[in-house]
Number of protein chains: 2
Amino acid sequence: MMNNQTDRQTEILLVALELIGKKGIQGLTIKNISKEIGISEPAIYRHFESKTEILLGVLNGLKDMAEMLARIVENYDAIATEKLDFLFSRMLDLFSETPSMVSVIFSEEIFNNDETLKSKINEIVTLHTNTIEAIILNGQNENNIRTDIDKKSLALIAMGSFRLLVKKWELSNHSFNLMEKGKTHIQIINKVLSK
Amino acid sequence: MMNNQTDRQTEILLVALELIGKKGIQGLTIKNISKEIGISEPAIYRHFESKTEILLGVLNGLKDMAEMLARIVENYDAIATEKLDFLFSRMLDLFSETPSMVSVIFSEEIFNNDETLKSKINEIVTLHTNTIEAIILNGQNENNIRTDIDKKSLALIAMGSFRLLVKKWELSNHSFNLMEKGKTHIQIINKVLSK
DNA sequence: GCGAAGTTAGTTAATATTAACTAACTTCCA
DNA sequence: TGGAAGTTAGTTAATATTAACTAACTTCGC
């Protein structure tokens, strides 16, 4: 869970994330990483055993982030809709700061060919799902969230619509202001979920 | 638009779709296609000029399908919610019949590295979006669909939640009955959109 | 007997990884 | 405290494998 990385390792993971974001998974090669950093290809292997290890490092970073976010939201004293607002807003911040993150976190099938990576991605998705479902359940118990639809379906609506918005932003080459449209959409999610 | 393919071409495109579904875009190689069909690698080139041409063929097939579906829904005399039900149900049929289709149609970033393919994928997404938005607008005008939320946001909710459900099915290695959960979710979408 | 569809045997380029070696440090003890 | 020993992070060169694609030849059905 803790960050036991050397500076160079962190640099490599950051560059890897960026490369995936820019050129897709096929653009992530040891050559591209080393070129970007300015060292030779074999030098990468002084810091990671294999390419898979690098990808795993990237995913673990995203998982840590998801866990941290979940913990913050948990201890955030507010009603359900405010918590959801907070959660999605923080994600908007992350995506705006580091657009390449979207390609990795919302493009699970990239890792279809490696079972280890696929299950790591699954962990992250499950983590996000659980966080949102917990908030919704709480809201339902406290009478802020509608109860005529079960928490799983409501979570699907919240997460799914948010994801699609972000994905459209990515597909359109960031042609609109994600922050702005995102904030608006969060309000709509809250409207739909509210009692 | 029309289907000018030879049997062999159709076979190659089908196998390509399946391979992407099973092993991801990195599993789609000329070697794998030829092995699956039972002919040699160069034989593939008797039917398609290049690998990109094959991918383009796959995407064009999906686009034709989307267009056909849109046209059927358009001429289907029913109220908005029934139309949405019909549209999503047909997609569930398609995904259940050909699970590999999901990986291609809902995994746009796979084609990030080729501009031609990327814009083709964009056409398909836009097509689906337009179809759904048109239905919703109609429903709003005919007072079946809620008007306190704009059609674009409602379409995002319908499409986004549906996509996430299907994606979770894929990520979980088809561990649940998509048809069943899908039908249930369509009802929920209709409940949320209805007036 | 001609042309479409197939074959075998290659090519070229890319990719991940390894081998062998080095320069610049830190550690540690006689 | 000075120098041997070890470590860290890098280098260049090579390797094995895989990819897409090609050339030249064969087969087979109309």
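Protein chains get the first letters and strands the later ones, always in sequence-line order, with residue 1 at the start of each. Since the structure is predicted, the reported quantities are computational estimates derived from the model, not experimental observations.
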Nearest-Å distance for atom pair [atom1]/[atom2], residues [X] and [N]:
X: B/K31; N: C/dA9; atom1: NZ; atom2: C1'; result: 14 Å
X: B/Q26; N: C/dT15; atom1: CD; atom2: P; result: 12 Å
X: B/Q9; N: C/dA5; atom1: CD; atom2: C1'; result: 12 Å
X: B/E41; N: C/dA5; atom1: CD; atom2: P; result: 19 Å
X: A/Y45; N: C/dC21; atom1: OH; atom2: P; result: 22 Å
X: A/I37; N: D/dA9; atom1: CD1; atom2: P; result: 13 Å
X: A/I39; N: D/dG10; atom1: CD1; atom2: P; result: 5 Å
X: B/K51; N: D/dT18; atom1: NZ; atom2: C1'; result: 11 Å

> Among A/K167, A/K22, A/K23, which residue meets the salt bridge (charged side-chain N to carboxylate O under 4.0 Å, His left out) test with B/E109?
Replying inline: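 With B/E109 as partner, salt bridge (charged side-chain N to carboxylate O under 4.0 Å, His left out) holds for just one option, A/K167.
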> Contact class for A/S40 vs. all strands (heavy atom < 4.0 Å): base, sugar-phosphate, or nothing?
Replying inline: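 Base contact.
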> Contact class for B/L28 (heavy atom, under 4.0 Å): base, sugar-phosphate, or nothing?
Replying inline: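 Sugar-phosphate: the residue B/L28, judged by heavy atoms under 4.0 Å, touches backbone atoms but no base.
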> Would you say a side-chain N or O of B/H47 is under 4.0 Å from OP1 or OP2 of C/dA4?
Replying inline: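 Answer no for this pair, as no side-chain N or O of B/H47 is under 4.0 Å from OP1 or OP2.
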>> OP1 or OP2 of C/dT7 versus the side-chain N and O atoms of B/R46: is any pair under 4.0 Å?
In response: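 Negative; the distance criterion is not met.
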>> Under 4.0 Å between a side-chain nitrogen and a carboxylate oxygen: does that hold for A/D148 and A/R146?
In response: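 Answer for the salt bridge query: yes.
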> Salt-bridged, B/E74 to B/R71, with N to O below 4.0 Å?
Replying inline: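 Salt bridge: no.
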>> side chain to side chain donor-acceptor pair (under 3.5 Å) for B/H47 and B/T6? Distances and angles first, verdict last.
In response: CA-CA 9 Å; B/H47 307 278; B/T6 64; 4.5 Å; no
> With both distances under 3.5 angstrom, what nucleotide forms a Watson-Crick or G-U wobble pair with C/dT22?
Replying inline: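 Looking at the geometry, C/dT22 pairs with D/dA9.
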> So B/F162 and B/F88, would you call those rings parallel, tilted or perpendicular, with 30° and 60° as cut-offs?
Replying inline: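 Tilted: the ring planes of B/F162 and B/F88 meet at 30° to 60°.
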>> With nearest nucleotide decided by heavy atoms, which residue, A/N32 or A/P42, maps closer to the 5′ end of DNA chain C?
In response: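 With A/N32 and A/P42 compared, the 5'-side residue is A/N32.
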